[in-house]
J.: 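Below you will find the structure I want to go over with you.
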Amino acid sequence: MGLFDKLFSKDNVTKYKDTDIVSIANAEMVPASKVNDVMFAQEMMGQTIAFELKDGVIVAPANGKLEVMYPTGHAFAIRTKDGMGLLVHVGINTVELSGKGFEILVKQGDTVKAGQQLLHVNLDVIKEVGYDTITMLIVTETPNEGEKVTFVDFGDVSQGQKINK
């Protein structure tokens, strides 16, 4: 396979280890305390980091099985091979949009790769109704109960950039 073939391959996803967690978007990665929603800010569902989105392309945070894809597209969950549970929730109150502004590119039950595009989100649609576009990545379960994921420092990240240490 030549360079041209690699550049235009349908499988243009970087190969990551099964233990890698990657940025879900081009964004500024911020602590959960910056989220304007108590449930996420206080990490009630699990260890949480958030992303101030720069565009509407959302990718898989890890290799695994897409266990849940809400029909509205506002949230999805991935289970990694080692049993880690990851939940992504796009925006605050976006379930109320009933899928408006969300294009789902995969289906529940699919095996996905870290960095693979899963959603296209029209951020203007979310903003027009006055909702926040901040997007959360929640570690709902770890292979070893109570274990915390060590993430890189907060700041600008690119979609598909490895963010766990």
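Here, residue 1 is the first one in the sequence, and each next residue gets the next number.
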J.: Can Val88 be reached from Phe151 by stepping across I, L, V, M, F, W or Y side chains whose heavy atoms are under 4.5 Å apart?
T.: yes
J.: Val35 vs Ile92, test: side chain to side chain contact (heavy atoms under 4.5 Å, CB included). Steps then yes/no.
T.: CA-CA 9 Å; Val35 178; Ile92 306 292; 3.8 Å; yes
J.: Quick one: CD on Glu103 to CD on Gln117, what's the gap to the nearest 0.5 Å?
T.: 9.5 Å
J.: Heavy-atom distance under 4.5 Å between the side chains of Met69 and Leu119, does that happen here?
T.: yes
J.: Are Ile24 and Tyr131 co-members of a hydrophobic cluster defined by side-chain heavy atoms under 4.5 Å apart?
T.: yes
J.: State, without any angle test, whether Asn144 and Thr142 hold a side-chain donor-acceptor pair at a distance under 3.5 Å.
T.: no
J.: In Å and rounded to the nearest 0.5 Å, what is the CD1 to CE distance from Ile138 to Met39?
T.: 9.0 Å
J.: Are Met84 and Val68 co-members of a hydrophobic cluster defined by side-chain heavy atoms under 4.5 Å apart?
T.: no
J.: For residues His120 and Leu105, determine if any side-chain heavy atom of one lies less than 4.5 Å from a side-chain heavy atom of the other.
T.: yes
J.: Does the side chain of Met29 come within less than 4.5 Å of Ile163's, by heavy atoms?
T.: yes
J.: Specify the closest pair of heavy atoms between Leu86 and Pro61, including all atoms of both residues, with the distance to one decimal.
T.: CD1-CG, 4.1 Å
J.: CD1/Ile78 to CG/Leu87 distance, rounded to the nearest 0.5 angstrom?
T.: 10.0 Å
J.: Are the side chains of Met44 and Val38 in touch, meaning some heavy atoms are under 4.5 Å apart?
T.: yes
J.: Using the rule that Ile, Leu, Val, Met, Phe, Trp and Tyr join whenever any side-chain heavy atoms are under 4.5 Å apart, tell me whether Phe40 and Val95 fall into a single cluster.
T.: no
J.: For Tyr70, does the OH atom have more than 12 heavy-atom neighbours from other residues, nucleotides or ligands under 6.0 Å away?
T.: no
J.: Any side-chain to backbone donor/acceptor pair from Thr140 onto Gly85? Under 3.5 Å, distance only.
T.: yes
J.: Let me check something: do Val121 and Val129 share a hydrophobic cluster, defined by ILVMFWY side-chain heavy atoms less than 4.5 Å apart, either directly or through other members?
T.: yes
J.: Please report the closest heavy-atom contact between Lys65 and Gly109, naming both atoms and the distance.
T.: CE-O, 3.8 Å
J.: Keeping Asn63 on the side-chain end and Thr19 on the backbone end, is there a donor-acceptor pair under 3.5 Å?
T.: no
J.: Scan for salt bridge (charged side-chain N to carboxylate O under 4.0 Å, His left out) pairs involving residues 22-49, sequence neighbours excluded, and state none if there are none.
T.: none
J.: Kindly say whether Val149 contributes a backbone atom to a donor-acceptor pair with the side chain of Gln47 at under 3.5 angstrom?
T.: yes
J.: Should Lys113 and Tyr16 be marked as a side chain to side chain contact (heavy atoms under 4.5 Å, CB included) after you check the CA-CA gap, both sets of side-chain angles, and the distance that decides it?
T.: CA-CA 8 Å; Lys113 296 177 182 177; Tyr16 294 98; over 6 Å; no
J.: Using the rule side-chain contact (heavy atoms from CB on, under 4.5 Å), only one of Thr94, Asn122, Val125 pairs with Lys100; which is it?
T.: Val125
J.: With sequence neighbours left out, what residues match Asp110 under salt bridge (Lys or Arg N to Asp or Glu O under 4.0 Å)?
T.: Lys107
J.: Are Asn26 and Val157 side-chain neighbours, meaning at least one heavy-atom pair lies under 4.5 Å?
T.: no
J.: For residues Leu123 and Gly56, report the shortest heavy-atom separation together with the two atoms involved.
T.: CD1-N, 4.1 Å
J.: Measure the NZ-CD distance between Lys54 and Glu52 for me, rounded to the nearest 0.5 Å.
T.: 10.5 Å
J.: With sequence neighbours excluded, what pairs up with Lys162 under the salt bridge (Lys or Arg N to Asp or Glu O under 4.0 Å) test?
T.: Asp20
J.: For Leu53 and Thr133, which heavy atoms make the closest approach, and how far apart are they?
T.: CD1-O, 3.6 Å
J.: Run the side chain to side chain contact (heavy atoms under 4.5 Å, CB included) check on Asn36 and Ile134 step by step: do they pass?
T.: CA-CA 9 Å; Asn36 193 19; Ile134 196 164; over 6 Å; no
J.: Please confirm whether the backbone N or O of Gly155 pairs with a side-chain atom of Asp153, one donor and one acceptor, at under 3.5 Å?
T.: no
J.: Is the shortest side-chain heavy-atom distance between Pro31 and Ile49 below 4.5 Å?
T.: no
J.: Please examine the side chains of Leu97 and Ile126, heavy atoms only from C-beta on, and report whether any two atoms are closer than 4.5 Å.
T.: yes
J.: Measure centre to centre between the rings of Phe102 and His74, then say whether the value is under 6.0 Å.
T.: no
J.: Charged N to carboxylate O under 4.0 angstrom, Asp132 versus Lys127?
T.: no
J.: Going by heavy atoms in the side chains, are Gln116 and Val59 under 4.5 Å from each other?
T.: no
J.: Where do Thr80 and Ala62 come nearest, in terms of heavy atoms and distance?
T.: CG2-CB, 3.9 Å
